[in-house]
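Here the structure is a predicted model, which means the values were calculated and not measured. Sequence lines set the chain letters: A, B, ... in the order given, protein chains first and strands last, and positions in each chain run from 1.
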Protein chains: 2
Amino acid sequence: MPSPLEKARQAPDSMKGRILSAARKLYGEYGFHGVTARMIATEVGIDVSTLYYHWGDKQDLYEAVLTDLNEEIRQKLAEIEKIVRGKPIDVRLAVAIDVMCDHLFQNPETSNLMLFSFFSKTRTQSDLDTRMTEHLANIAVAMGLALDKSHVPPQANARVLAVWNSIINFASGENYFRPMLHLDRAAYLAVVKETLKFILIPAFTQAGPDAQGQERSGQGPAVSSI
Amino acid sequence: MPSPLEKARQAPDSMKGRILSAARKLYGEYGFHGVTARMIATEVGIDVSTLYYHWGDKQDLYEAVLTDLNEEIRQKLAEIEKIVRGKPIDVRLAVAIDVMCDHLFQNPETSNLMLFSFFSKTRTQSDLDTRMTEHLANIAVAMGLALDKSHVPPQANARVLAVWNSIINFASGENYFRPMLHLDRAAYLAVVKETLKFILIPAFTQAGPDAQGQERSGQGPAVSSI
DNA sequence: AATGTTCTCCAACAAATGTTGGAAACATAA
DNA sequence: TTATGTTTCCAACATTTGTTGGAGAACATT
């Protein structure tokens, strides 16, 4: 029998897995409070009590969705890191932007769920929180903003967050932004990638590849411990 | 009697105004579906039916909140534009970041409400949508990314969106990000401002003040019609 | 004081929602 | 076949939620 510890990543054809992915889709669209147990059951095509049979209460299911989400992100980041290891920072950023955009545009609920976690009040502290800290630390080290995963200065984390958020914003906001730009999906995706590279790459390359974190133009204190 | 058209910006001490600001705070924290009419009434300290007496149904009240929000943003942008008119782009950005951050950190629900509008599915098309397009066009022209408010290329709008979103993300995400960075409010605000300047200014200054929109490093197609 | 208007609350209703008990359907093994 | 365990659904429950009617208080105007 499978390890009882692998709670995440249900077999997608099992009933439990089908419920999980329907819940994920709906929670991503409407947020926790915007989704009812019956909505999820209808999406799967089952009775609502079957849902309770497999996944305790609504909160448990939501946490399971977040755990699943976290695992997906971890995998994607590892995949990117494998591609860009050792490359210069501008290439790293360009590849990360391309790969993450492609992925997030194919899984629109992913970025939505992250944003809901970031910006809505939740009563219970979620699992995603601590995992997110890990992801950020890994990226910071990979980008050369910190030397040690366990000692990442706040400035470095903040820069990683800025990059991260920029990317997921455009993915999450497609329904809102794309009509404003009058673009079809493909054109929107292309413009987003181009814009992200335009915004993000100069910040990390301007001072030269070995001077990341150096302060320029005298705005605010310099990042010290890098 | 006051003009019936000034629906937004209620007198803050009137009952209608008190309800509006309580609703605004709560909708900003929990989103539309996360807030009940009774929560708003309790926050104000009145009975729920009094709320209905003043503001039709829950949806009407939410739309009123968005209209109010929009007016506040318009005012703030106008105020910024007055300060920075004619200044070079790096100064414009630095001032805009400082002023907007100060404002958003004092009114945390503002950025939350915008993000909810951007990223959650809403059944009814809101007023904020069209206003947001106007704001973006104004900023694009002010930043020199477009010559004419009515002809802003999608690339220019996308760049403005990237700047805009970066700012409101840090404000909205304070509850989530600040514990991750282990900073108090003041330090967080300082790091955010520094980070935003680090990320945003180089993109618009690197190629020189008269070359905004020029493509660099060969990523993607150039912005043509600027 | 009398009267009309505005405001506020109490109580209630219908619908929606989270949740559960139990019976049927299904599978599996003896 | 029977016996046993698993899965699914039907029906119902208690609570929450959006919403309204009506009675009284507060207030203004005569």
To the nearest Å, give me how far apart CG (B/Leu61) and C1' (D/dT17) are. 15 Å
For atom OH of B/Tyr53 and atom P of C/dC7, their distance in whole Å: 4 Å
How close or far is atom C1' of D/dT17 from atom OH of B/Tyr30, stated in whole angstroms? 17 Å
Quick one: B/Trp55 CH2 to D/dT20 P, roughly how many Å, whole number? 17 Å
Of A/Ile46 and A/Arg38, whose closest DNA chain D nucleotide lies nearer the 5' terminus? A/Ile46
Nearest-Å distance, NZ (B/Lys58) to C1' (D/dT16)? 12 Å
Electrostatic pair B/Lys197-B/Glu194, nearest N-O below 4.0 angstrom: no
Please give, in whole Å, the distance from C/dT19 P to A/Asp47 CG? 15 Å
May I have the distance from A/Leu26 (atom CG) to C/dT17 (atom C1'), rounded to whole angstrom? 15 Å
Quick check on the 6.0 Å ring-centre criterion: do A/Phe119 and B/Phe119 meet it? no
Tell me what A/Val44 touches on the nucleic acid: a base, only sugar-phosphate, or nothing, going by heavy atoms under 4.0 Å. nothing
Step through it carefully: locate the ring centre of B/Phe116, locate the ring centre of B/Phe32, and say whether they are under 6.0 Å apart. no
Answer with base, sugar-phosphate or nothing: what part of the nucleic acid does A/Ser49 contact at a heavy-atom distance below 4.0 Å? base
N/O (side chain, B/His54) to phosphate O (OP1/OP2, C/dT8) under 4.0 Å: yes
Rounded off to whole Å, could you give me the OH-to-P distance for the A/Tyr52 and C/dG22 pair? 19 Å
Would you check if there is a donor-acceptor pair between the side chains of A/Gln59 and A/Glu63 at a distance under 3.5 Å? yes
Looking across every strand, which nucleic acid part, if any, lies under 4.0 Å from B/Thr50 by heavy atom: base, sugar-phosphate, or nothing? base
